[in-house]
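One structure below.
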Amino acid sequence: MADQSIHLVGIGGSGMLPLAELLLKKGQSVTGSDRLLKEQDLATLAPPIRKRLQRLVDLGAVLVPQDGSGVKATTNRVVVSTAIETTNPDIKAAQTLHIPIVHRAEELSQAIPADHLLAICGTSGKST
């Protein structure tokens, strides 16, 4: 997976954000879009999401509006979750450029060796 350019659609989401951080820490080039990003200026966002996205920027991520502009001919793959509609501009751009679109779970399984994964799930109680 070395020297890959990976675009994450919905990078501010609870599943995508930690995946983006993991990929960045592994040395990958990461771009990402989120429907909350109307421009590249994070100052317009609410403090909790601004802080989370700023951490990704500090690690080297490039954040863009969700308008297809983050998907380039040099992008190796576009990562989506089930929550992303097929009409999303990033998906349309990937299809136009014939860039593979992979699900977040598949990307995660490639990024983490099976013997190093601890998953905590559920709807409540995880912080206790």
(request) May I ask you to decide if Ala111's main-chain N or O and Lys26's side chain share a donor-acceptor pair within less than 3.5 Å? (result) yes
(message) Could you tell me if the side chain of Leu37 sits less than 4.5 Å from the side chain of Leu45, heavy atoms only?
(response) yes
(message) Would you say that Val71 contacts Ile99 through its side chain, given a criterion of any heavy-atom pair below 4.5 Å between the two side chains?
(response) yes
(message) Let me confirm one number: the CZ-CZ distance from Arg50 to Arg55, rounded to the nearest 0.5 Å.
(response) 14.5 Å
(message) Using the salt bridge (Lys or Arg N to Asp or Glu O under 4.0 Å) criterion, which residues pair with Lys25? Sequence neighbours excluded.
(response) Glu21
(request) Answer with yes or no whether the side chains of Asn88 and Gln66 bring together a donor and an acceptor at under 3.5 Å. (result) yes
(request) Show the numbers, then the answer: is there a side-chain contact (heavy atoms from CB on, under 4.5 Å) between Leu42 and Val57? (result) CA-CA 10 Å; Leu42 299 180; Val57 170; 4.2 Å; yes
(request) Determine whether Thr44 and Lys38 make a side-chain contact, defined as any pair of heavy atoms from C-beta on separated by less than 4.5 Å. (result) no
(message) Please find the pair of heavy atoms, one from Ser33 and one from Pro65, that lie closest to each other, and give the distance.
(response) CB-O, 3.7 Å
(message) To check you understand the geometry: which heavy-atom pair defines the closest contact between Ala93 and Gly68, and what is its length?
(response) CB-O, 3.8 Å
(request) Check side-chain contact (heavy atoms from CB on, under 4.5 Å) between Val102 and all other residues, then give those that pass, not counting sequence neighbours. (result) Arg77, Val79, Glu106, Glu107
(message) Distance check, rounded to the nearest 0.5 Å: Leu19 atom CG versus Leu24 atom CG?
(response) 9.5 Å
(request) Rounded to the nearest 0.5 Å, what's the gap from CZ on Arg35 to CG on Asp67? Could you check? (result) 13.5 Å
(request) Spell out, yes or no, whether Val78 and Met16 are grouped together once hydrophobic residues are joined by side-chain heavy atoms under 4.5 Å, including indirect joins. (result) no
(request) Report the distance from atom CG of Asp34 to atom CG of Leu63, rounding to the nearest 0.5 Å. (result) 8.5 Å
(message) We want to know whether Ser81 and His103 form a side-chain donor-acceptor pair, criterion being a heavy-atom distance below 3.5 angstrom.
(response) no
(message) Quick one, Ile91 and Ile101 - any side-chain contact, counting heavy atoms below 4.5 Å?
(response) yes
(message) Are Val30 and Val62 packed together at the side-chain level, in the sense that at least one heavy-atom pair is separated by less than 4.5 angstrom?
(response) no
Enumerate donor-acceptor pairs with a distance under 3.5 Å from any side-chain N or O in residues 5-15 to protein atoms, sequence neighbours excluded.
from: His7; atom 1: ND1; to: Thr31; atom 2: OG1; distance (Å): 2.7
from: His7; atom 1: NE2; to: Asp90; atom 2: OD2; distance (Å): 3.0

(message) Looking at Gln28, is its backbone amide N or carbonyl O close enough to the side chain of Gln4 to form a donor-acceptor pair, meaning the two atoms are under 3.5 Å apart?
(response) no
